[in-house]
Participant: 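Sharing a structure, written as structure tokens. Questions coming.
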Amino acid sequence: MSPERLLEGLTQPQREAVMHRDGPLLVLAGPGSGKTRVITHRAAYLACTATGPEHILTITFTNKAAGEMAERMAGLGLGRGVTCCTFHAFCARLLRIYHEQAGLGANFSIYDDGDQVGAMREALARLDLSSENFTPGAVLGAISRAKNEMCTPAEFRAQRQGWQDRKIADIFDTYQKVLTEQNAVDFDDLLVKAAMLLGEHPELRERLEDRYRYVLVDEYQDTNRAQYLIARGLCLERGNLCVTGDPDQSIYAWRGADIGNILAFEEDFPAARVVRLEENYRSTPQILGAAGALITHNRRRKVKALLTTKGDGRAVWVVECEDERAEAAYIASQIVQHAEQGGSYRDVAVFYRVNALTRSLEGALLDARVPYQIARGVAFYQRKEIKDVLAYLRLAANPQDLAAFKRIINVPARGLGKVTVERVLARVYETGRPVLQVLADPDSIPGTKKAGAALRSFAGLMCGIRRAAEGPSVKDAVEYVTRHSGLIATWDGDSGNDALENVNELINAAAEYDRQHVEGGSVTGWLEQVSLVSDVDAIEEGAGAVTLMTLHAAKGLEFDVVYVAGVEHGLLPHERGNKELADVEEERRLLFVGMTRARRELTLSCARWRAVKGRFERRTTSLFLTELPREGVERTTLSAEGTGADGGPREVVMPPEAVEYASWRKGQLVRHAEYGLGRVQWIQPRTGGLYAGVTFSDCGQKTLALKHAPLELVDTDELD
DNA sequence: TCTGCCGTCTCATGT
DNA sequence: AGACGGCAGA
């Protein structure tokens, strides 16, 4: 495509960003301002005016975003030359190529949370520290925070003073040694080690800068220190770094993201050009007005206009429901209505702060026969059977991967119990040899006479898998594992059917990988891709289903109709068990992100009662709801009486049980088959349905389930 | 050594 | 409410 055509239909600021050639560029892009368009067009424009596509690197937040970006660039006639990926994928690739400089083996494993806990337990054991005083999770959290700031164990020790922190420094150090022994990295290491690679090897850094002459980083407001160093490191001389983002959409501080990166870009890169994209092409004025009013309550931000380009739309609805079941039923019924009026399910999304909210929503959508998909890409790879199959391949690819070894040495059961495993591990730690090597020679392990045959047979199995894994097809390797590992036999029952189906799904995924990597594919490459899947990656656009996801996952997406459920104090802003409130400004940004995903209709809902960890709790509405403007926002309460409290203009859909007991209210007279006449004191939803507190003249107050108790209403005029 | 049951703990958010 | 770890019994 010619450069002129690439500029067609772009606004002035968009053009400015696309045409800016050399030197740092900050694109402050409000929601719906055509940011993706700018990035893709800029890449294409550079590719035909400044350099070849192979010299352009685009870094996105999720694999899905990277894929779409690549797709759109291909549509602009760019072909597949531009590198589009996430920071993590880019770093993994870098570390594979320069593994020696990074102090890693070529086939290093990427450890997930569970694997990390295993490595941490080993580290704690080596230091003779009880895992009671130092729980693996807490220590891993502290280490992760340190890594996010690019802090090494030595620096960590130098910076802290307390006894506990010094211990954590020791653990940090030992934990890294354990990972290295197992030829493994954790998620944070991908970034940290890549950043260090750039920092410590100038010649390598130069080579990379020459390869990637123009770097574009999307969602820059959510980069952490390591990511910042990587981005800067790639552009040290040329300074051709273009970052796009919106400080108002920074929602990952808890993961180490530093909003300061984007706020200080101009000081960081004094030559930086700044382009503001403030026109919104996505949402109605009502949606934008509400979101804009909300976000002005934040102090730490760059003030930016939100200018509408769309015509008038519907008001933003705020709906207060009785409990979470009523809330879910309400959302489901509204979606049904939307579909009945000719709308498509794929245009609808429901967002929430915590995954626990999917339970009630799923139930209601199921009841209403609304097709839905949940953005939980990682969940699939966390299933036991999937992890088991993958562990075989991991161990085959990386014979030092002890996490994988421990997982499958006795799955299926081969008579290799705890004691034998301990002996094998002791031998591994003693000799420093890869576990697969140790296994192949069981005679060298003291006290394993009885288990020798089983160990040898397992080693033989792993040899076969290694051979299969070296073949050209990943799919064949996965099938080899399922055929020869003996896992299939363990999936016999009714739940085993699910397992079998899931593993077939995994085989399909491997086949798809084979198709996409006719050249250069490998089991290691596939395992890496699988380790770096994100939740939204699971979303299929053409599925014709409503999308359910967390507010965090919603970043970067847009839908015609959006529901945000559970806008309550304690949930949004979120509050932990100890009543500690999460950073309110970030929580506000989170709701801002959710609201600005909506193109035409936006509904925020909350419940007066909600089951939290099995117990019913009284809830209050979110402070954020009070920050919305009057204009363009319509509030309704779905009361148990079945009408909107303020005579709401909308059809109110009640959950079935609430309708049934709609005439029950405080003060109502009832007759119980056993206790006689009584008066209702309160009605509450609890697990298993509605409950009432009733005071009986004969035997005092009782708590009764309306569904089961032999109660009947008594009309007042029935009594003389 | 394996299986099943029960008690405890945890629900943020995710690459 | 659900997951996971520990423990007891086969």
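Residue numbering restarts at 1 for every chain, and letters A, B, ... go by the order of the sequence lines.
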Participant: Closest to the His552(A) side chain: dT15(B), dA12(B), dG14(B)?
Facilitator: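 Selected nucleotide: dG14(B).
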Participant: Just compare dT15(B), dT13(B), dC11(B) and give me whichever is closest to any side-chain atom of Arg353(A).
Facilitator: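 The nucleotide sitting nearest to the side chain is dT13(B).
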Participant: Side chain of Arg359(A) only, please: which of dG14(B), dT15(B), dA1(C) is the nearest?
Facilitator: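 Ranking dG14(B), dT15(B), dA1(C) by closest atom to the Arg359(A) side chain puts dA1(C) first.
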Participant: Starting the side chain at C-beta, find the nucleotide from dT15(B), dC11(B), dG14(B) nearest to Phe187(A).
Facilitator: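 Output: dT15(B).
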Participant: Whether Ser534(A) contacts dT15(B) is assessed here as follows: a side-chain N or O lying under 4.0 Å from the phosphate OP1 or OP2. Is that the case?
Facilitator: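 It does, given that an N or O in the side chain of Ser534(A) lies less than 4.0 Å from OP1 or OP2 of dT15(B).
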Participant: Is it true that Glu149(A) and Arg225(A) have a side-chain N and a carboxylate O under 4.0 angstrom from each other?
Facilitator: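 Salt bridge flag = no for Arg225(A) with Glu149(A).
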Participant: Would you please name every residue forming a ring-ring contact (aromatic ring centres under 6.0 Å, His included) with His517(A), sequence neighbours left out?
Facilitator: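 For His517(A) the ring-ring contact (aromatic ring centres under 6.0 Å, His included) partners, ignoring immediate neighbours, are Tyr513(A).
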Participant: Mind checking what makes ring-ring contact (aromatic ring centres under 6.0 Å, His included) contact with Phe61(A), not counting sequence neighbours?
Facilitator: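 By the ring-ring contact (aromatic ring centres under 6.0 Å, His included) rule, Phe61(A) matches Tyr252(A).
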Participant: Can you identify which nucleotide, out of dG14(B), dA12(B), dT15(B), has its nearest atom closest to the Thr550(A) side chain?
Facilitator: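 Nearest nucleotide to the side chain: dG14(B).
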Participant: Between dA12(B), dT15(B), dG14(B), which one does the side chain of Ala553(A) approach most closely?
Facilitator: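 Of the candidates, dG14(B) comes closest.
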Participant: Could you tell me whether the side-chain ring of Tyr252(A) sits stacked on the base of dT13(B), using a centroid cut-off under 5.5 Å and a plane angle under 30°?
Facilitator: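 Tyr252(A) ring does not meet the centre or angle cut-off for dT13(B); no stack.
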Participant: Salt bridge between Asp323(A) and Arg610(A), side-chain N to carboxylate O under 4.0 Å?
Facilitator: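 No, this pair does not count.
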Participant: Taking N or O atoms only and anything under 3.5 Å, show me the protein contacts with nucleotides 1-6 of chain B, one pair per line.
Facilitator:
residue, atom, partner, partner atom, Å
dC2(B), OP1, Asn410(A), ND2, 3.1
dC2(B), OP1, Gly415(A), N, 3.3
dC2(B), OP2, Asn410(A), ND2, 2.9

